[in-house]
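No hydrogens, no waters, no symmetry mates; every other heavy atom, side chains included, goes into these values. Per chain, numbering begins at 1; letters A, B, ... match sequence-line order.
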There are 4 protein chains.
Amino acid sequence: MLAAAIDLFETVGYPRLTIDAIAARAGVSKATIYRWWPNKAAVVMEAFLATVEPDLAFPDSGSTRDDLVEQAAALSRLLTERRLGQLVLALLGEAQTDADLATALRDGWQRPRRDAGREVLQRGVDRGELRPDCDSDLVLDGIYGPIYLRLLFGHAPLDRSDIRQFVDQALDRVTRGPSGDV
Amino acid sequence: MLAAAIDLFETVGYPRLTIDAIAARAGVSKATIYRWWPNKAAVVMEAFLATVEPDLAFPDSGSTRDDLVEQAAALSRLLTERRLGQLVLALLGEAQTDADLATALRDGWQRPRRDAGREVLQRGVDRGELRPDCDSDLVLDGIYGPIYLRLLFGHAPLDRSDIRQFVDQALDRVTRGPSGDV
Amino acid sequence: MLAAAIDLFETVGYPRLTIDAIAARAGVSKATIYRWWPNKAAVVMEAFLATVEPDLAFPDSGSTRDDLVEQAAALSRLLTERRLGQLVLALLGEAQTDADLATALRDGWQRPRRDAGREVLQRGVDRGELRPDCDSDLVLDGIYGPIYLRLLFGHAPLDRSDIRQFVDQALDRVTRGPSGDV
Amino acid sequence: MLAAAIDLFETVGYPRLTIDAIAARAGVSKATIYRWWPNKAAVVMEAFLATVEPDLAFPDSGSTRDDLVEQAAALSRLLTERRLGQLVLALLGEAQTDADLATALRDGWQRPRRDAGREVLQRGVDRGELRPDCDSDLVLDGIYGPIYLRLLFGHAPLDRSDIRQFVDQALDRVTRGPSGDV
DNA sequence: CCTTAAACGAGACGGTACGTCGCGTCTTCCT
DNA sequence: AGGAAGACGCGACGTACCGTCTCGTTTAAGG
């Protein structure tokens, strides 16, 4: 059922994805889908999370900066590949008028990634790379915000070097100078 | 007609906004709407731009940072107030699968704002506040990215002080130190 | 179970009567119902017969005509009261395309009444009130036909005096004249 | 559209007749059907009347009895042939719980036939064949009632000679004897 | 008394049809 | 000529019941 949803999404895209089609492909009745999810977005949300969650491990290379770059690059790869970015965006769109979906998106998609990011930052602080007063929300929004923005509007390309620059920009003010920050 | 679209959008929200309703409220036939726009998104897009464009003047306070904060705050106000943020987001969602709309959104909505931002940055360079090699896309994405991100996901509040911090974060590396940069 | 069927029928009427509802109200599982009856009509049929059968005794007043009037009046009362007429009709409708139901309806509902009618007529013949060649089907259809017709189409009222006239009409040609018939 | 309804009815019968199928066969959208009729019964009703109405002319043979027999035989032929009887019955069934349909059935189907019957009776009175106080409802119900009854319950065959007997039975008491009635 | 099998309650399921909604097209009629 | 009015084909929606099908769980008879 979730598999059918993902398959179809990848075939026809979100707006042309119908519950009838999911039901048909999953060999399931429409009523059964409605028994478990309130609407298309919820099905797709769950299917999406089930597909995506495995990819969540992040490296601990010793360098906070490198770890963040790696994580951000993985995210951008995910959002670009297999049209999944389109899906997140579509869900993001519906989430503006569907509070349940918004919650699901925050809890299921954003929070795990954000927690991983926070961990990386904490390690940086522990290692002395970052200042202890570093505001993780500020830093993470400073990294992911620009990434989402470019993918959403498509006004500029987004490659690894861009990501590196966003990370640098966000880390700059919270990094202890090489000679220490006293 | 555009007025009807905006009115209705503000009444019922984007997903429950129908072309029939726009036609009825505008005292116009549906066919007439289709004569001028290819679909709902395009109508709403134009209506949205017509509503929003006037608010585009930005101050020249003498301080690049202050100008950028002002501009970003104005944007966030716009996106929050009058449910227009929801509208941009809905359009952003549709734009992922509608290339024409994506173009319209970039050209009509994003570019003017971005050009204004670039101007502000250029003034900063001219005034010697900013380094001449400052990459305006990097800076502007560093400011607006986090703002959109917070509004889209709603994972954290967004007030003026947050905006100020985003601006500082983005400007930090391109600012000539008060004592000069040499 | 039959009680539940009748109750529900009287509450919501035949077309909105569902097997789920019968099951729920009877505190019984749907499967159990299907174990015993092939479909809704069969359940209702049986429930209906169980409700109705007791009312089958007929008087033997000495006058064939009076007995027939009594019987016909009892029938029309039954069909009018408690919406049971509606039920017979609904079953009659389904019976047109459901041979089993048609048989059940004939055997369970019509035949007993008809046999009682035939008995009354036979008594009349025995008593010398009616001609011996009297065709009971002709007479009984002549009495009950008009009654059903009026109830089905509702094109005219049906009170006791109408019934008396139908009986007279049907009996007229088979009655031995008061002065004898030879 | 009506043609499609009739065709399908004759192919699959009333209970398996769906609005989707009518729409498909008529090359018409379901919504269009619902724009014009509130439900399946109403469509079929109108289709039925359109099919049936032409057959309404009745002979004026000079003999009231013969005219009535002819008329009744035509009715019984109609109800037997082409499964239309089944249809009338199905509609009759639904009419028990659908007041609009009941009205349509009375006005569209029963009344014209009844009026024709009344005319025949009136001619009989005018000609002196029938007593002037003859109650047409009584007579007509006495003829058609038994016919419907036999077709509905199917408890006995119905051929021309039965019909003749029903007519005789109903006419008997209102006929002026051959030698006059005084 | 215990076993064991039938009958049961609960209720999910595949399916069919329902009646509704909105889209974008098209025709008609009026101005 | 141009537009308001609105019917239409289309296709998806979400709902309601259908009749079938597991599942445990009674429950009553037979060993």
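Mapping B:Arg35 and D:Ser29 onto DNA chain F via the closest heavy atom, the residue that lands nearer the 5' end is B:Arg35. Ranked by how close their nearest DNA chain F nucleotide is to the 5' end, B:Trp36 and C:Ile19 are led by B:Trp36. Where A:Ala31 and B:Asn39 each meet DNA chain E at their nearest nucleotide, the meeting point lying more 5' is that of A:Ala31.
For A:Tyr34, counting side-chain heavy atoms from C-beta on, the closest listed nucleotide (F:dC13, F:dG9, E:dT20) is F:dC13. Distance from the side chain of D:Lys40 is smallest to E:dC18 among E:dC23, E:dC18, E:dC13.
One atom, CG of B:Asp20, and another, C1' of E:dT20, lie 13 Å apart when rounded to the nearest Å. Put simply, CH2 on D:Trp37 is 13 Å from C1' on F:dA7, counting in whole angstrom units. Distance CZ (C:Arg16) to P (F:dC17): 9 Å, rounded to an integer number of Å. Going from atom CD of C:Glu94 over to atom P of F:dC18 covers 11 Å, rounded to whole Å. Summarising the geometry, the separation between CD1 on C:Ile33 and P on F:dC18 is reported as 10 Å, rounded to the nearest angstrom. Spacing between atom CG of D:Leu17 and atom C1' of E:dC18 amounts to 13 Å, rounded to whole angstrom units.
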As a quick check of understanding, evaluate side-chain contact (heavy atoms from CB on, under 4.5 Å) for B:Trp37 and B:Met1, giving each step before the final call.
CA-CA 11 Å; B:Trp37 297 278; B:Met1 220 137 130; 3.3 Å; yes
For D:Trp36 and D:Val43: C-alpha separation, side-chain torsions, deciding distance, then whether side-chain contact (heavy atoms from CB on, under 4.5 Å) applies.
CA-CA 8 Å; D:Trp36 295 96; D:Val43 188; over 6 Å; no
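The aromatic rings of B:Phe48 and B:Trp109 sit tilted relative to each other, their planes meeting at an angle between 30° and 60°.
For the side chain to side chain contact (heavy atoms under 4.5 Å, CB included) with B:Ile22, the qualifying choice from B:Leu2, B:Ile6, B:Val28, B:Ile33 is B:Ile33, the only one to do so.
For E:dC21, the OP1/OP2 oxygens have no side-chain nitrogen or oxygen of B:Thr18 closer than 4.0 Å.
A donor and an acceptor atom sit less than 3.5 Å apart, one in the side chain of A:Lys30 and one in the base of F:dG14.
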